[in-house]
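For reference, the structure is listed below as structure tokens.
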Number of protein chains: 2
Amino acid sequence: MDEVFKALADASRRSLLDRLHAKNGQTLNELCDGLAMTRQAVTKHLGVLEAANLVTTLRHGREKLHYLNPVPIHQIGERWIKKFERGKLTALSELKRRLEKRDE
Amino acid sequence: MDEVFKALADASRRSLLDRLHAKNGQTLNELCDGLAMTRQAVTKHLGVLEAANLVTTLRHGREKLHYLNPVPIHQIGERWIKKFERGKLTALSELKRRLEKRDE
DNA sequence: ATAATAGGCAACCAAATGGTTGCATGTCAA
DNA sequence: TTGACATGCAACCATTTGGTTGCCTATTAT
């Protein structure tokens with residue numbers, strides 16, 4: 001799970017995921033299009049995403065097609081985010097109570 | 001939102017959030033307890049978490065109490081994770097279709 | 001008053017990160 | 001078969017990151 005969090009930490013990589021979300025199965029060059037980065041930089045980012053299992057690839061001749069794998073993101077939501085969502089309101093109200101208590 | 005993702009990218013910081021989740025309102029020294037890090041390193045991590053608005057602090061005399069703020073995490077779930085969860089099954093089945101198509 | 005406690009600040013360091021350029025390889029089309 | 005195209009690989013570079021040590025300040029307790 002650490003790899004997934006680290007992969008998501010970079011804005012360029014998140015935007016690559018966004019692009020794949022909009023259109024799945026793009027080639028490397030397709031994904032480079034319009035980005036202010038060299039192809040090699042994009043390759044590295046896709047490598048990180050692949051290592052985190054957020055992207056799966058499929059060779060088709062000389063092309064490499066990239067597919068979004070949303071499962072790890074889903075798992076982060078399930079295993080991690082939900083845990084912190086639970087306390088959302090209680091934590092804030094507790095803080096509010098303490099802040100008010102300060103003036104006693 | 002970028003700051004939140006980056007803050008969550010580090011395992012030590014996530015574990016600090018876990019600790020605050022377990023017991024809210026801890027002091028710096030309390031949070032250092034049992035960690036293989038100097039107090040100053042923990043201070044830095046807490047600084048990153050504070051900058052990302054994931055932790056709110058409250059001075060109480062010479063102590064600094066740290067409170068978890070789950071709102072940014074909730075927002076990531078709402079604004080980002082849910083978007084990718086939607087395509088979870090369809091994306092995989094599409095990939096499966098393509099993989100099978102390969103052998104035609 | 002003074003010692004102990006809680007935390008803040010700054011300089012420094014090694015390693016990781018995000019990017020580059022240059023060149024090599026594999027595949028398709030004319 | 002040969003040139004163009006899609007990608008891979010490696011060396012290199014600057015900046016960021018995660019950590020350290022050393023010292024300073026503020027508050028509390030004796």
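These figures come from a predicted structure and were not determined experimentally. Quick note on labels: first sequence line is chain A, next is B, and so on, each numbered from 1.
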Step by step, would you call B:Val55 with B:Leu17 a side chain to side chain contact (heavy atoms under 4.5 Å, CB included)? CA-CA 8 Å; B:Val55 162; B:Leu17 292 180; 3.9 Å; yes
Strictly under 3.5 Å: I want the nitrogen or oxygen pairs between protein and nucleotides 1-5 of chain C, one per line.
residue, atom, partner, partner atom, Å
C:dT5, O2, B:Arg62, NH1, 2.8

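- Rounded to an integer number of Å, the gap from A:Glu63 CD to C:dC28 C1' is 10 Å.
- Note: CD (A:Glu3) to C1' (C:dA16) measures 14 Å, nearest angstrom.
- Put simply, the side chain of A:Gln26 gets close to the backbone of A:Arg19: a donor and an acceptor are under 3.5 Å apart.
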Under the criterion side chain to side chain contact (heavy atoms under 4.5 Å, CB included), I'd like the reasoning laid out for B:Glu85 against B:Lys82: C-alpha separation, chi angles, the key distance, then a yes or no. CA-CA 5 Å; B:Glu85 280 181 345; B:Lys82 280 200 177 171; 4.2 Å; yes
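- Taking atom CG of residue B:Leu28 and atom C1' of nucleotide D:dA26, one finds them 15 Å apart after rounding to whole Å.
- B:Arg14 has its CZ atom 11 Å from the P atom of D:dG18, to the nearest Å.
- Not counting sequence neighbours, the partners of A:Ala11 by the side-chain contact (heavy atoms from CB on, under 4.5 Å) test are A:Arg14, B:Asp2.
- Nearest nucleotide to the side chain of B:Thr38, out of D:dG18, D:dT21, D:dT7: D:dT21.
- For D:dG8, the base has a donor-acceptor partner in the side chain of A:Arg39 [N/O atoms by modelled type, under 3.5 angstrom].
- Of the residues in residues 40-48 of chain B, those lying under 4.0 Å from DNA chain D by heavy-atom distance are B:Gln40, B:Ala41, B:Lys44, B:His45.
- Rounded to whole Å, atom P of D:dC5 lies 16 Å from atom CD of A:Glu30.
- A:His21 contributes a side-chain N or O that, together with a main-chain N or O of B:Lys83, makes up a donor-acceptor pair within less than 3.5 Å.
- Checking each of B:Val48, B:Leu8, B:Val42 against B:Arg13 for a side chain to side chain contact (heavy atoms under 4.5 Å, CB included) leaves exactly one that passes, namely B:Val48.
- Here the C1' atom of nucleotide C:dG18 and the CG atom of B:Asp2 are 14 Å apart, to the nearest Å.
- Both A:Gly61 and A:Asp10 lie near DNA chain C, and the one whose nearest nucleotide falls closer to the 5' end is A:Asp10.
- Comparing D:dT20, C:dT17, D:dA6 against the side chain of A:Lys6 picks out C:dT17 as the nearest.
- Taking atom CG on B:Leu49 and atom P on D:dT17, their separation rounds to 14 Å, with Å as the unit.
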Which is it for A:Leu20 and B:Phe84 under the side chain to side chain contact (heavy atoms under 4.5 Å, CB included) test, yes or no, and what are the steps along the way? CA-CA 10 Å; A:Leu20 287 179; B:Phe84 288 90; over 6 Å; no
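- The A:Arg13 side chain lies nearest to C:dG18 when the options are D:dG19, C:dG18, C:dT20.
- At whole-Å resolution of the value, NE2 in B:His66 and P in C:dG8 are 7 Å apart.
- The main-chain N or O of B:Thr56 is never found under 3.5 Å from a side-chain atom of B:Asn69 such that the two would form a donor-acceptor pair.
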Between A:Leu49 and A:Leu46, does the side chain to side chain contact (heavy atoms under 4.5 Å, CB included) criterion hold? Intermediate values first, please. CA-CA 5 Å; A:Leu49 292 170; A:Leu46 289 171; 4.3 Å; yes
